[in-house]
Structure formats: structure tokens, C-alpha cells
Protein chains: 2
Amino acid sequence: MNPTPLYVQLADILREMIKSGELQPRSLLPSESYLQQEHGVSRGTVRMAVGILREEALVVTIAGRGTFVRAPEPKGQ
Amino acid sequence: MNPTPLYVQLADILREMIKSGELQPRSLLPSESYLQQEHGVSRGTVRMAVGILREEALVVTIAGRGTFVRAPEPKGQ
DNA sequence: GAGAATTTGTACGTATGTATG
DNA sequence: ACATACATACGTACAAATTCT
């Protein structure tokens, strides 16, 4: 009965934006601050969502810069 | 029970300095770096405090220059 | 004009506290 | 007890705008 946690929902949204190509490889994800306001959640929730994508190796985060969409691994590796 | 947040307290102090005339219209507010050290808080806390005054239209901030006390609106404008 | 220093702008990293279910 | 979610507050890093030497 428990609804899907907000941070999982947000991770799902962002993952879909990457898979669909809306967020291109090597491009920046929206900042934590932007995602906070855009989705009406706290920074902690945003960070947990992005953390999921990081664990899935879909994105790479650099302090002071932002979070980047990783290039998909070329086939045959 | 929660104490007033530091950034609200600092905003209150700065607002009072403006209202009282200690900080004159068109003069510069102390820099973020100065306010940090002077009040023993982090830069983020200073920025949130100044952000409150900005929302109240008591000050105007210019990147690379500083934050200025706004001149009170002359009657009839 | 070049370069350094200052100041604000933006972004992520971490810790703690509170509240709810 | 635990997970979720929010807010506060510290810090670091990098970038951009401006000023000064």
C-alpha cells in the first residue's frame, strides 16, 4: 500500500529522460536546486534520486560542476 | 521549541541596521566574507539572510560588486 | 591590456535535527 | 526500530563579474 517513495519516483523520471534521449550523453542534468524547485521536493530527496542513477552508472557527478549523463558503453566491451 | 534559524536572525539584524540608518541608502552592505567572519556563520547562511532582504526589496545585489541598500521610494512613484 | 584580488553566483558534499508512518 | 522527507547549517569547489595594481 505504501506509495513509491518520492526519491524513487524522481529517479524513475530522470532515468526515463536519459533512456529516451531527452537528456543527451555528456550533457548536464538539471542542478539539485532546479530539481528541488521543479518537483517540489527537498534537496535530500533529489540527492537520493540522483544517487540511484549514480549507482546504476547512468550519471557521474563532479563537485562544483554538476551531474553528467554518461555515454552509453559501446557494444562489445 | 525550535529556535529562530540563524539565517532569519541575521536577516533581522541587517534589516534593523537598515531601518535605523546605521546602513545608509546606496551604501554597500558588508561583504558575504565579512558577515561570515563577523557573525561566525557559513557563507550559505549569510546568503540566505541577504536573500530575505532582497525579497523584501530592501537591498539590491550586483555580481562582482556587492549588495547595496536601496534608497527608500520617494513618495509619489 | 594583463594579472591578481575581491565579490557574488552556482553546485555538490556532509552532518544533524525534526517529524511522520 | 526503521525508512522517508523536510529543514537547517556547515564545508568545498568552480565559475563569472568587477575592481585594482
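What you are looking at is a predicted structure, and each value in this text was computed from that prediction instead of being measured. Per chain, numbering begins at 1; letters A, B, ... match sequence-line order.
- Of the possible donor and acceptor atoms, one in the side chain of Gln9(A) sits under 3.5 Å from a partner among the backbone N and O of Thr4(A).
- Atom NE2 of His39(B) and atom OH of Tyr34(B) lie 8.0 Å apart (nearest 0.5 Å).
- Straight-line distance from the NE2 atom of His39(A) to the C1' atom of dC6(D): 17 Å, rounded to whole Å.
- The structure places OG of Ser31(B) at 10.5 Å from CD of Glu38(B), a figure rounded to the nearest 0.5 Å.
- Checking each of Thr67(A), Val46(A), Ile13(A), Thr45(A) against Leu35(A) for a side chain to side chain contact (heavy atoms under 4.5 Å, CB included) leaves exactly one that passes, namely Val46(A).
- Separating the CD atom of Gln37(B) from the P atom of dC10(D) is a distance of 14 Å, rounded to the nearest angstrom.
- For the contact set between residues 6-14 of chain A and DNA chain D, defined by any heavy atom under 4.0 Å, the members are Leu6(A), Tyr7(A).
- The separation between Met48(B) atom CE and dG9(C) atom P is 15 Å, rounded to whole Å.
- In this structure, Gln36(A) atom CD and dT8(D) atom P are separated by 11 Å, rounded to whole Å.
- For the residue pair Arg15(B) and Leu58(B), the shortest heavy atom distance occurs at CG-CD1, 3.6 Å.
- Atom pair Glu32(A):CD and dA13(D):C1' shows a separation of 13 Å (rounding to whole Å applied).
- Taking atom CZ on Arg43(A) and atom C1' on dT16(C), their separation rounds to 14 Å, with Å as the unit.
- When the P atom of dT7(C) is taken as reference, atom CZ of Phe68(B) falls 12 Å away, rounded to whole Å.
- Ser42(A) has no side-chain polar atom (N or O) that falls below the 4.0 Å cut-off from OP1 or OP2 of dA7(D).
- For the pair Thr45(B) and dC10(D), the criterion of a side-chain N or O lying under 4.0 Å from OP1 or OP2 is met.
- The two atoms that bring Ala57(B) and Arg70(B) nearest to each other are O-CD, 3.2 Å, heavy atoms only.
- Note that CZ of Arg47(A) and CZ of Arg54(A) are 6.0 Å apart. Values are rounded to the nearest 0.5 Å.
- Taking only side-chain nitrogens and oxygens, Arg65(B) never comes nearer than 4.0 Å to OP1 or OP2 of dA17(D).
- Between the axis at the start and the axis at the end of the helix from dA2(C)-dT21(D) to dG21(C)-dC2(D) there is an angle of 0°, using five pairs per end and rounding to 10 degrees.
- Side-chain atoms of Ala63(B) lie closest to dA17(D) of the nucleotides dA17(D), dT10(C), dG13(C).
- Nearest-nucleotide assignment on DNA chain D puts the 5′-proximal partner with Pro5(A), out of Pro5(A) and Val41(B).
- Distance CD1/Ile18(A) to CG/Leu53(A): 5.0 Å, rounded to 0.5 Å.
- A chain of hydrophobic side-chain contacts below 4.5 Å, direct or via other Ile, Leu, Val, Met, Phe, Trp or Tyr residues, connects Ile52(A) to Met48(A).
- Summarising the geometry, the separation between OH on Tyr34(B) and P on dT7(C) is reported as 12 Å, rounded to the nearest angstrom.
- Between Arg47(A) and the phosphate of dG13(C), there is a side-chain N or O to OP1/OP2 separation shorter than 4.0 Å.
- Residues Leu28(B) and Leu23(B) come closest through the heavy atom pair O-CD2, 4.3 Å.
- Using a 4.0 Å heavy-atom criterion, one finds that Gly66(A) contacts the sugar-phosphate atoms exclusively.
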